[in-house]
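As structure tokens, the structure follows; a few thoughts come after it.
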Amino acid sequence: MHDGAPRDPVRSGTLMTGPIEDLRAAVAAAASEIGEASSAPTLERPRQAGHGDFSTNAAMLLAKSAGAPPRDIAERLAASLDVRLGDDLASYEVAGPGFLNLVLSDGWHRRAIAHALAPGFGGDGAQQLEKVNVEFVSANPTGPLHVGHARNGAYGDALARLLEFHGQDVTREFYVNDYGSQVVRFAESLRARARGEAVPEGGYKGDYVAEVAEQIPGAAELELDELGRRGVAVMLERSKESLLAFGVDFDIWFSEATLHPDGVAHGFDRLGEMGETYRAEGALWVKTSEHGDDKDRVIERSNGEHTYFASDIAYHVNKRERGFDRLIDVWGADHHGYVQRVKAMFEALGGDRDKLELIIMQFVHLVERGERAQMSKRSGEFVSLDELVAEIGVDAARWFLLARSHDTTIDLDLDLAREQSAENPVYYVQYAHARIESVKRKAGPDANRTTDGAGDLHPSERALIQKLLTFPAEVQEATDRRAPHRIAAYALELAQSFTAFYRDCQIVGSDQQAFRLALSDAAQAVLARALDLLGVSAPQEM
RNA sequence: GCCCCGGUAGCUCAGCUGGAUAGAGCAGCGGACUUCUAAUCCGCAGGUCGCAGGUUCGAGUCCUGCCCGGGGCGCCA
């Protein structure tokens, strides 16, 4: 949807204005007549029925500077809003310690639907257009992807989708750790399997190792280097297939090996030019402690070999030189200890530490009959991404993984997940979408639509419209906070709002048919968009 | 010892960066299918928001200390 005409790099804000933004602006304007608010007034949909369609705390924030009781100020605010909003304000009420509750007219609600029906509703909210690199999954290519990678993949992809919808230019990147000692260990394991020998201590013990070895002709006799390369290639191909089947499609598969030796040397040069390295105890160090790290870090060992950190430096230099405005790395919880040093290194390289985001994903714990099991690639004990998809399907799997905040650990009991997959809320949301399609089918292809109408709106219609109108703010919030799980929560709530409307209001055949079809169209479009942001399908029928 | 993430209903989790009587899904109990899709809907029950202080008109949310669970603190990758 972002193809075609170029857009302004900085938004005027006009694209974003909608009924809620107008309302918010009116409240802000009314407030500024009275005094200085200590913070921006809220404008929210109260969870409590009977507290109006929208509610603001502006009066309480103004009380100090205006030197008057909050409830008195709320009355003055209301009087001002009454003039500003005219017929759109149906009624108001001052409540509690000084809340101002607003009830908007049916006309305001009807007009709002047209806004929600506009193409791209909720998108393009970014204030500043950026070229963003999102690096995620980045699993070692020495074994199959497990559910932890699935979580990382679902999250990274959903975040990328959010950023794209928000208006950013996003590159999805997978960093392939195809260099270093784990590749050697993998090659040794492959050779042992090919020769029918026991896998050496510290090697990879999973059955997949034998399968991979079988796919490499002459594996028993190949040089370790070559065997490692072949093995990694096979694993990588498998990973690509698994991820594609899971709906995750990377733009770039970046090989760590290609950073050696030139990229690493280049990275060291850059640090050297910045005066950020020194030699001590026979090793080469980088002064990360001057940028917030606990201690300085070795990048070249006293034996002349590079540390893993050397690759990280080269990689981040490379990313910067590819012209990204923002780098987002999605890591597993076991890497949180590296956040400070990588941020420090990035700053030492002359980067802006705020332009490098390191997002830590908490783990997926495997639970079997109430017992926690440890997932480990080397021991071969894990639930694979493929297995998860085979058991419960892509949509249920993605929903399961995306419905929770990324900083909460997830307990996965595969038996339970299998049992409960039929009860996965994702189907409820999809069902609402399919049901709307069914209603439209019933109405026929030529049925009229209108956002005009007479007569009172049903409370369920008003609630559905209000829910639709909050979508742009939800997208904004989910994007700003890197929190796609909010979209899942929103999608469920929207599906509930639609289902209540469907229950209470006859659509096809009613004298409000054209209006209710327009409302249904808007609900369907937003449901489809929300599901798409999560990488979940929106079926026409179920 | 230090650092990061959690602790909210029986279970799994939200809680819009401080707002009104803390929510959802699942599980449980009781109801609803001659109707635009019952993968649905309605009702009931379920809580010392880990504990103790503090900040203020107001704290699940912010601060301090402690308890519990998970993860991390290499010249490994």
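Letters go in sequence order (proteins before strands), and every chain restarts at 1. Side chains included, hydrogens not; waters and symmetry mates left out as well; all remaining heavy atoms used.
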Taking only the [atom1] atom of each, what is the distance from [N] to [M] in whole angstrom?
{"N": "B:U64", "M": "B:G23", "atom1": "C1'", "value": "29 Å"}
{"N": "B:C3", "M": "B:U21", "atom1": "C1'", "value": "40 Å"}
{"N": "B:G50", "M": "B:C42", "atom1": "C1'", "value": "36 Å"}
{"N": "B:A59", "M": "B:A52", "atom1": "C1'", "value": "15 Å"}
{"N": "B:A77", "M": "B:G70", "atom1": "P", "value": "28 Å"}
{"N": "B:C49", "M": "B:G6", "atom1": "C1'", "value": "14 Å"}
{"N": "B:C66", "M": "B:A20", "atom1": "C1'", "value": "32 Å"}
{"N": "B:U35", "M": "B:U40", "atom1": "C1'", "value": "13 Å"}

From C-beta outward on A:Tyr308, which listed nucleotide comes closest to its side chain: B:A77, B:G6, B:A24?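 Nearest nucleotide to the side chain: B:A77.
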What's the closest nucleotide to the A:Asn57 side chain, out of B:G19, B:C75, B:A77?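 Nucleotide nearest to A:Asn57's side chain: B:G19.
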Do A:Thr142 and A:Gln182 meet the criterion of a side-chain donor-acceptor pair at a distance under 3.5 Å?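 No, no side-chain donor-acceptor pair sits under 3.5 Å.
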Just by distance, with hydrogens left out, do A:Asp329 and A:Tyr175 show a side-chain donor and acceptor under 3.5 Å apart?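 No donor-acceptor contact under 3.5 Å links the two side chains.
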Should [X] be listed as having a side-chain N or O under 4.0 Å from OP1 or OP2 of [N]?
{"X": "A:Lys295", "N": "B:C75", "answer": "yes"}
{"X": "A:Tyr431", "N": "B:A39", "answer": "yes"}
{"X": "A:Arg486", "N": "B:G15", "answer": "yes"}
{"X": "A:His51", "N": "B:U21", "answer": "no"}
{"X": "A:Gln362", "N": "B:C4", "answer": "no"}
{"X": "A:Arg301", "N": "B:C76", "answer": "yes"}
{"X": "A:Thr408", "N": "B:A14", "answer": "yes"}
{"X": "A:Tyr502", "N": "B:U35", "answer": "no"}

Would you find more than 12 non-hydrogen atoms of other residues, nucleotides or ligands less than 6.0 Å from A:Glu44 atom CD?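 Buried by this count: over 12 neighbours within 6.0 Å.
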Closest-nucleotide mapping onto RNA chain B: is A:Met542 or A:Asn177 further toward the 5' terminus? I mean the 5' end.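 Counting from the 5' end, the first nearest nucleotide belongs to A:Met542.
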Taking the chi torsion of B:U17, is it syn (within 90° of 0) or anti (everything else)?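 In terms of base orientation relative to the sugar, B:U17 is syn.
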Expected output: side-chain [X] to main-chain [Y] donor-acceptor under 3.5 Å:
{"X": "A:Lys440", "Y": "A:Leu517", "answer": "no"}
{"X": "A:Tyr490", "Y": "A:Lys467", "answer": "yes"}
{"X": "A:Thr277", "Y": "A:Trp285", "answer": "no"}

Taking atom C1' of B:C11 as reference, at what distance in whole Å does atom CD1 of A:Ile410 sit?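 Those two atoms, CD1 and C1', are 15 Å apart.
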Given atom CZ of A:Arg435 and atom C1' of B:A39, what is their separation to the nearest angstrom?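 It is 9 Å, rounded to the nearest whole Å.
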Report which part of the nucleic acid A:Asp334 touches: base, sugar-phosphate, or nothing (heavy-atom distance under 4.0 Å, all strands).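 Sugar-phosphate, no base atom in range.
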Angle between ring planes, A:His365 versus A:Phe363, binned at 30° and 60°: parallel, tilted or perpendicular?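 A:His365 and A:Phe363: perpendicular rings.
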Could one point to a donor on the side chain of A:Tyr490 or the base of B:A14 with an acceptor on the other under 3.5 Å away?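 When only heavy-atom distances are counted, A:Tyr490 does not reach the base of B:A14 through any donor-acceptor pair under 3.5 Å.
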Is any side-chain N or O of A:Ser302 under 3.5 Å from a base N or O of B:C75, one able to act as donor and the other as acceptor?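 Donor-acceptor pair under 3.5 Å: yes.
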Atom CG of A:Leu100 and atom OG1 of A:Thr56: how far apart are they, to the nearest 0.5 Å?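 If I round to the nearest 0.5 Å, the distance is 7.0 Å.
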Please, what dot-bracket string fits RNA chain B when only Watson-Crick and G-U pairs with both distances under 3.5 Å count, crossing ones use [ ] and pairs to another strand use |? (((((((..((((.....[...)))).(((((.......))))).....(((((..]....))))))))))))....
